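Report on the structure given below.
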Amino acid sequence: MSLFGKKQTDTASVTYISFAGDTHQVAVPIGDSVMEGAIKNGIDGIVAECGGACQCATCHVYVDEAFLGRLNPIQEDEDEMLNTTASERKPNSRLGCQIPVTKELDGLIVRTPKTQQ
Amino acid sequence: MTSDGVVIVGAGQAGFQVAASLRMEGYAELIVLIGDEPSLPYQRPPLSKAFMAGKQDIEGTALRPLAFYESHRIELVTGAKATSIDRAGRSVSLASGRSLPYETLVLAVGARNRTLPVKGAELDGVCYLRTDAEAVDIRQRVEQARDIVVIGGGFIGLELAAAARSLGKAVRVLEAQSRLMPRVVPPILSDFYRDLHTGQGVDISLGVALSEIAGHQGKVSEVVLSDGSTCPADLVLVGIGVVPNIELAQDAGLSVSNGIVVDERLRTDDESIYAIGDCAEHPNPFAGARVRIESVQNAVDQAKCVATAVMGRSENYRAVPWFWTDQFDIKLQMAGLSGHYGQVITRGEPESRKFSLFYFRDGRLAAVDSVNRPGDHLAGRKLIGAGTGITPEQAADPSVDLKALK
């Protein structure tokens with residue numbers, strides 16, 4: 001039930017793979033972020049201390065190479081924040097809170113780092 | 001031997017984080033998290049920002065789903081009010097009559113809104129924002145409102161004004177002081193925000209005093225100023241600061257002043273009882289004084305500090321304060337505490353709407369406020385935390401790479 005805001009009828013499948021190799025495949029409503037998909041489904045490995053305001057870099061994920069080209073581009077604040085992640089920044093590093101789930105991302109695979117803080 | 005574990009009073013950002021961090025640290029004993037609101041613990045920042053502007057639904061503010069508390073063996077007691085602490089017997093009593101024994105007690109009891117001391121403040125349509133329920137109520141009222149008056153030109157008032165204006169409403173902000181956010185930013189930022197809001201069509205009135213709120217049939221109709229002028233209003237949103245919830249601690253004989261008094265390790269004068277978050281008056285090395293800080297950063301970092309102490313690795317609280325506010329398309333990020341600054345250096349051009357202010361106190365960098373310059377903000381957090389030497393000349397020179405300073 002949603003009183004206001006985004007319509008959340010359609011979903012896309014997102015798979016989260018932990019550092020230890022645990023895999024969770026969940027249906028994330030279109031418009032929710034990759035971070036929200038993890039939090040709402042109780043998936044450990046994403047902390048999201050600031051709640052998605054691009055302020056804390058604790059929702060760091062490594063995006064599967066096959067999906068990199070379909071992502072929204074990195075903005076300046078996310079780029080700066082990615083320089084402060086607790087685990088190594090790689091070319092496929094993103095903040096989960098800055099990736100809105102779209103239909104085009106159906107099947108997305110992200111890996112969570114060893115530590116977020 | 002099992003201990004009575006940790007009882008946390010207050011299920012806001014700070015209380016939640018204590019429970020979460022304890023389990024992350026491997027704490028194995030009982031954890032009880034007591035909240036006086038009916039909802040699952042949630043984030044407050046979006047209530048006046050993304051939620052109010054229609055960009056996030058209220059369910060999206062929950063910190064974790066219910067299943068998290070079950071899987072992490074955190075007993076979550078919602079809608080419950082703690083009424084007294086028996087320090088000698090180490091237990092907390094709830095209004096329901098239940099008594100909860102504790103080994104360690106954490107008071108994360110927060111603050112409540114300061115209320116308007118004028119006639120008419122009780123009228124329907126005079127609203128305050130702190131809880132999710134209040135946010136949902138205000139959001140519905142904003143939808144139906146025509147003339148919205150915001151009382152208080154601080155963070156909450158201005159965020160609400162920006163959200164309501166972005167929904168196309170007529171908004172007027174009344175601020176008693178001669179500039180916006182006077183307690184927390186210097187005049188250059190106050191002026192920047194006045195221009196921002198004015199440019200978006202918000203009517204800003206500074207240096208005005210309220211006389212009363214007038215109504216018709218129990219519902220607000222206008223705000224009357226001390227000079228006799230009136231502003232039509234079918235919705236009045238009040239954001240004039242908060243009062244820390246000290247009563248539970250005070251009644252238990254703990255020291256209180258502008259908050260529950262704690263030491264550098266966030267302990268009250270009872271070593272089994274900590275106080276954290278909005279309610280805790282703590283010695284802060286970045287303020288050089290005892291302060292109370294109302295922010296997510298402070299709530300989260302103080303919670304982690306206490307969780308670490310419970311695990312037997314007690315350390316002084318010394319996290320760099322940081323804060324942010326979103327108004328229209330402008331993000332202001334603050335690192336350090338800028339109050340009582342000496343020298344202020346501007347980096348970048350305010351006209352470009354991308355600039356930072358560097359505050360120096362006794363020749364040392366004390367704080368950085370950044371407008372749409374996230375790189376400066378993060379560099380500032382690091383420089384302030386490490387106590388790295390940076391000169392005012394370096395701060396002023398955009399060609400100096402702040403991240404490279406050692």
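Please read these numbers as outputs of a predicted model, since none were measured by experiment. First the proteins, then the strands, lettered A, B, ... as listed; each starts at 1.
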message: Which residue is it: K403(B), R373(B), H377(B)? I am looking for the one with a side chain to side chain donor-acceptor pair (under 3.5 Å) to E80(A).
response: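 Result for side chain to side chain donor-acceptor pair (under 3.5 Å) with E80(A): K403(B).
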- request: Tell me, out of G60(B), G375(B), A53(B), S71(B), who's got the most heavy-atom pairs with chain A below 4.5 Å.
  value: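 Heavy-atom pairs under 4.5 Å are most numerous for G375(B).
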Interface moiety of [X] toward chain A, non-hydrogen atoms closer than 4.5 Å:
X: K49(B); answer: neither
X: L63(B); answer: backbone
X: Q297(B); answer: neither

message: Is Q117(A) close to chain B through its backbone or its side chain, or both, or neither, when contacts mean heavy atoms under 4.5 Å?
response: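 Just the side chain, heavy atoms under 4.5 Å.
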- request: Can you tell which part of D79(A) gets under 4.5 Å to a heavy atom of chain B, answering side chain, backbone, both or neither?
  value: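 For D79(A), no heavy atom lies under 4.5 Å from chain B.
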Provide the closest heavy-atom pair for [X] versus [Y] in the form atom of the first, atom of the second, distance.
X: Q43(B); Y: C50(A); value: OE1-O, 4.2 Å
X: I39(A); Y: A62(B); value: CG2-O, 4.5 Å
X: P65(B); Y: G42(A); value: CG-N, 4.0 Å
X: Q55(A); Y: R381(B); value: O-NH2, 2.8 Å

- prompt: Can you find a pair of side-chain heavy atoms, one from E76(A) and one from K354(B), that are under 4.5 Å apart?
  reply: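 They are in contact (side-chain heavy atoms under 4.5 Å apart), so the answer is yes.
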D77(A) side, atom CG; W324(B) side, atom CH2 - distance, nearest 0.5 Å: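 One finds 12.5 Å between CG of D77(A) and CH2 of W324(B).
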query: Roughly how far, to the nearest 0.5 Å, is CG of L378(B) from CG of L82(A)?
result: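 Result: 10.5 Å between the selected atoms.
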query: Taking only heavy atoms into account, what residues of residues 93-112 of chain A are found under 4.5 Å from chain B?
result: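 Listed by number: none.
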message: Looking at K40(A) and R64(B), would you say the former's side chain and the latter's main chain have a donor-acceptor pair under 3.5 Å?
response: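 Not a single qualifying donor-acceptor pair exists.
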field: Atom CZ of R70(A) with >12 non-hydrogen neighbours under 6.0 angstrom
entry: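 Yes.
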